[in-house]
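Keep in mind the model is a prediction, meaning the values are calculated, not measured. Letters A, B, ... mirror the listed sequences (proteins, then strands); counts begin at 1.
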There are 2 protein chains.
Amino acid sequence: MKATMKDVAKLAGVGVGSVSRVINNVPVKESTASKVKAAIKELNYEPDIYARGLKTNKTQTVALILPTVWHPFFSEFAYYVEEALEEKNYKMYLCNSDGKSAKEYEYIQMVKQNKVDGIIGITYSDIDQYISTTLPFVSIDRYFTEDVIYVTADNIAGGKIAANELKKRGAKNVAFIGGHQEIPNETKNRRKHFQLEAERLGLNCAVLDLNEPISDLISEVEKFLIAHPEIDGIFTITDLAAVDVIKAIKKLEKRVPEDIQVIGFDGLKMTLATEYLVSTIVQPVEEMAKTAVALLLDVIQGKGTPSRTVLPVFFAEGNTTKNVIL
Amino acid sequence: MKATMKDVAKLAGVGVGSVSRVINNVPVKESTASKVKAAIKELNYEPDIYARGLKTNKTQTVALILPTVWHPFFSEFAYYVEEALEEKNYKMYLCNSDGKSAKEYEYIQMVKQNKVDGIIGITYSDIDQYISTTLPFVSIDRYFTEDVIYVTADNIAGGKIAANELKKRGAKNVAFIGGHQEIPNETKNRRKHFQLEAERLGLNCAVLDLNEPISDLISEVEKFLIAHPEIDGIFTITDLAAVDVIKAIKKLEKRVPEDIQVIGFDGLKMTLATEYLVSTIVQPVEEMAKTAVALLLDVIQGKGTPSRTVLPVFFAEGNTTKNVIL
DNA sequence: CTGTTAGCGCCTTCAC
DNA sequence: GTGAAGGCGCTAACAG
C-alpha cells in the first residue's frame, strides 16, 4: 500500500504539518527534520502530486504541440524543449497534432483542467479563436492576430543569406522552390526576401511556389527545370524539399553542385551525431527551444515578456554547394 | 475565476452529484442532463483533473522513456506510441534519458507520485533495481532479469534474413559490422544469427563488433575493409551504421551496391513521407508501439498479460543492394 | 433518479 | 517551532 503523509507523521511521532514542512523545505527543528526524513525513507514515501496540485494549482508540466515528432526538425525541437524544461524541473507532454485543430484544442483545454501550466505550440491550423492572451502559450514560427508571444528564426535574413551565398558561388540564374499554406506564418519570408535580395544582387530569379499539400514535388520540379534550363542555383523552403529537388535534378542528368547548386532551410540532421543533409540555412533550434521555454515559464509566473523574439540563422556548407575560396 | 462543479450545480439548480454524473456519462434524466450541459457551457466549465485524480488515483497518463527523441527510430516510435495512447484517451510524457539512469529513475518515481499510470521504456542503462513486477512497465528491445513485460522485433529472424538476401544477390564474402554494450539486449541477436545463417549458407563471414560508444566508425570500417578486401556484402547493426559504412566504402573508391552491397537494420525513414535510407531489415515500429501500449494498459487495468512479444521483421529493398529478378 | 455528505492527501492558517 | 483542523474540487456511497 502506498504510504501517506499521515503514516509518515505517525511513524516519526510528529504532526502532518511538520512532515509537510520538511518536504517543502520550510525551516523545522533539526531533530524533527531528521526523524521525518528517516520515516520518509523507511516508508518509501512520495507525495501525491494530485493532492498537492489540488491545493497549489500548479502542475510543473507543459505541453508541446507539433505537427509530428516524426520529422527531424520537430524531433530536434522536442528534444531541446524537454531538455530546457527538465532543467527547470518541468515535465513535458508531447502532442502530435497532425495539423488537426481538434487535437490542438484538446491540449489547450488541458490548461483549464489544471493538467498543464502552459503550452508551446508549432501549429499551422486555425486555432486562433482559442488562443487568448490569458492562456500561457508560446507560438513557434507563427504569429497570431492577437498579441500572442512567439519565437521564430530570422527567415528574412535566411532568404537574403541564401541569395548571397548562391551569388558568391557563381550562380547567375537562381530559383526559389517551395510551398505555402493559407495560414500566415514566418516561413513566407524565406521566399519573399530571397527574391528581393536576388534582384538587388542582379540575379535572375524564377519561382515555383506550390500550394500545400504538394502531391508530387519531384515531377513538378522536373517540369519547372525543363522550362527554366538556365537555372544554376536553387533555394528551397526546407531541407526536405531540397532533397526532392536534388532527386529531380539527377533525373534530368544534371549534377549537384556542379551544374546546379542547392541551398535548403532548417539545418536538418537526422540525429545529434549526423551531418547536415544539404547546404542549408540553419535555424538555431536549441536556442529557439530554450527561449520558448524561458518565455513560457515567465508567463506562467506572471512576469511580463516581450511578445516577439527573432533568432539569427546562419549558412552551413554541405555538399550541395561549391566550395568557395575566400 | 475558474468555475467549479458547485457553480455549475447552482446555476443548473441541481446537486453536485448530478453534475458529476453528467460529466462521467452516468445515466440521468434527460431534463437535468440538458440543464447541466447548458450550465457547463455557459460557465465554460472544465473538471479539475487534480481533484478527480485525488479520488480515482488514475491519471490517464503514461510516460515514454527513450534515449533521445532526436533520432528517426525513436521519434517514429514516439509518434506511434502517442497515437495509440491518444486513441485510448491517454496523454504521453516524453522523457529523453540520454541513457542516464538518474533521469529514468525520476520518471519511474512518477508512478508512485501518481503522476503517471505506467511507463514504456527503451532503456539501456542499469535500472533493473527499480523495475519491479508491481510497476506497470513495458520494456522495448531489452529484457530484464525479472519477468518484466517486453516487446521486441524479431532480431533473430532479421539476422537470418539479411544473410539470405545477401546470398540471393550473389554475395560470397559477407561481414557484420556493429557495436555492442554491456547491457544484455535483443539487438545482439542480429549479429549472432546473421553469422550462424551465413555459415549455414556457406558464406564466409567476417565480423567487426566494436565496443560502444564508438568514436570513429568510418575509419574503423576503412581499416577493416582494407584487411578484408574480399568482402562483397555487409550487414550492419543499424541503418545509421550502414550510412557510415557506405561512406567508408566510397572513401576506398568502391561502389555501393555494385562492389559491396549493404543491408542495415531498423527501417529508418526521416519522416513518414520519405523513403528508406538504405536496404534494410524493417522493424514493425507501429505495431511495436501499439503492442506496447496495449500491454501497458492491460497491466494498468490489472489484466494478466504475456511477458514476451516478438514481432516479425521484413526486408525492404533500398538502393544499397542489387536488384534481384525472381 | 437525485441531493447530500464524507472523504481522497496535502498545504496552510491558527492557536498553542 | 509545532500539532490540530479546515478546505481545495471531485467522486461515490447513501438516503430519500
From NZ of B:K55 over to P of D:dA13, roughly how many Å is that when rounded to an integer?
9 Å

Under 3.5 Å side-chain donor-acceptor pair for B:Y93 and A:T61
yes

Specify the separation, in whole Å, of atom CD1 of B:I40 and atom P of D:dG9.
16 Å

Give B:N24 one of three labels, base, sugar-phosphate or nothing, depending on what nucleic acid heavy atoms sit under 4.0 Å from its own.
sugar-phosphate

Could you state the CG-C1' distance from A:N25 to C:dC11, rounded to the nearest angstrom?
14 Å

Base, sugar-phosphate, or nothing: which does B:P47 touch, judged by heavy atoms less than 4.0 Å apart?
sugar-phosphate

Between atom CG in A:L43 and atom P in C:dC10, what is the gap in whole Å?
12 Å

Does C:dC1 have OP1 or OP2 sitting under 4.0 Å from an N or O in the side chain of B:T32?
no

Can you see whether A:Y150 engages A:R142 through a side-chain donor-acceptor pair at a distance of less than 3.5 angstrom?
no

Answer yes or no: does a side-chain N or O of A:T56 lie under 4.0 Å from OP1 or OP2 of D:dC8?
no

Please give, in whole Å, the distance from D:dC14 P to B:R21 CZ?
13 Å

Let me know the distance between CD of A:Q113 and C1' of D:dC10, rounded to the nearest Å.
13 Å

Check whether A:Y107 forms a cation-pi arrangement with B:K91 (NZ or CZ under 6.0 Å from the six-membered ring centre, at most 45° off the ring normal).
yes

Does a nitrogen or oxygen in the side chain of A:Y50 sit under 4.0 Å from OP1 or OP2 of D:dT11?
no

By nearest-heavy-atom nucleotide on DNA chain C, the more 5' of B:V14 and A:A51 is B:V14

Length of the line joining A:M5:CE and C:dC8:P, which is rounded to integer Å
14 Å

If you assign B:G15 and A:V16 each to the DNA chain C nucleotide with the nearest heavy atom, which residue ends up on the more 5' nucleotide?
B:G15

Give a yes/no on whether any side-chain N or O of A:S20 is located under 4.0 angstrom from OP1 or OP2 of C:dT12.
no

How many Å lie between CG on B:L54 and C1' on C:dA6, as a whole number?
13 Å

Of A:I108, A:V111, A:L64, which is the lone residue that meets side-chain contact (heavy atoms from CB on, under 4.5 Å) with A:V116?
A:V111

For A:G53, does its backbone N or O pair with a side-chain atom of A:K58 as donor and acceptor, under 3.5 Å?
no

